[in-house]
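Just so it is clear, the model here is predicted, and its values are computed rather than measured.
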Amino acid sequence: MLKVKVRVSKRRGTIYIPADISKALGISEGDYLVKVEGGRVVMEPAVDPFEYALKVKKFAKTTFEAFEKESEEMQNEQWAKDTA
């Protein structure tokens with residue numbers, strides 16, 4: 001386990017991660033990292049689902065029309081449940 005001291009800024013409570021750690025973990029500006037677990041702050045890279053969807057190899061094919069039809073059916077089902 002690697003332990004590193006980081007300083008919390010006085011002004012905004014910002015934490016600066018050392019550049020070598022950011023580089024080793026593939027962290028870049030705009031990434032989301034922090035979660036709270038049982039009173040502890042845990043910093044680990046969070047995967048953006050939209051970015052992930054654009055990068056990974058696709059294993060299924062669909063058309064926009066089929067996707068939209070499925071979406072409309074799901075919305076209609078949810079509307080029926082909400083109004084029942």
Side-chain angles (χ1 to χ4, degrees):
M1 177 192 309
L2 175 64
K3 291 187 178 187
V4 178
K5 287 184 180 181
V6 294
R7 183 173 299 198
V8 179
S9 75
K10 188 186 292 186
R11 221 174 133 189
R12 292 187 177 178
T14 304
I15 297 173
Y16 295 96
I17 300 169
D20 56 340
I21 292 176
S22 295
K23 187 175 181 179
L25 294 175
I27 297 169
S28 58
E29 183 177 348
D31 288 348
Y32 292 97
L33 303 172
V34 177
K35 65 181 177 179
V36 177
E37 289 181 349
R40 295 177 49 202
V41 175
V42 178
M43 294 176 47
E44 62 185 19
V47 177
D48 177 0
F50 295 108
E51 189 174 321
Y52 180 76
L54 293 173
K55 290 182 178 178
V56 298
K57 183 178 178 183
K58 308 305 181 260
F59 58 88
K61 292 185 179 183
T62 188
T63 63
F64 176 77
E65 291 79 12
F67 179 79
E68 188 165 8
K69 180 181 176 189
E70 181 73 21
S71 174
E72 288 174 0
E73 289 172 0
M74 291 174 71
Q75 290 175 51
N76 289 336
E77 288 174 15
Q78 186 62 47
W79 182 80
K81 288 178 187 176
D82 291 345
T83 58

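Panel note: side chain S71, backbone F67; no donor-acceptor pair is recorded below 3.5 Å.
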Side-chain donor-acceptor contacts of residues 4-15 below 3.5 Å, not counting sequence neighbours, with atom names and distances?
{"residue": "S9", "atom": "OG", "partner": "G13", "partner atom": "N", "Å": "3.4"}
{"residue": "S9", "atom": "OG", "partner": "T14", "partner atom": "N", "Å": "3.0"}

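Here side chain to side chain donor-acceptor pair (under 3.5 Å) pairs that include residues 37-46, with residues two or more places apart or in two chains, are K35-E37, K35-E44.
A donor-acceptor contact under 3.5 angstrom links the side chains of D82 and Q78, judged on distance only.
The hydrophobic clustering, which links ILVMFWY residues whose side-chain heavy atoms are closer than 4.5 Å, places V42 and I21 apart. Put simply, L54 and F64 are part of two different groups of oily side chains (I, L, V, M, F, W, Y) that touch within less than 4.5 Å, one to the next. There is a path of hydrophobic side-chain contacts, each under 4.5 Å, that joins L25 to V34.
Nearest heavy atom pair, residue K55 against residue K58, reads N-NZ, 4.4 Å.
Once rounded to the nearest 0.5 Å, the distance linking CE of M74 with NZ of K69 reads 14.5 Å.
Taking the side chain as every heavy atom from C-beta outward, L33 and I17 approach each other to under 4.5 Å.
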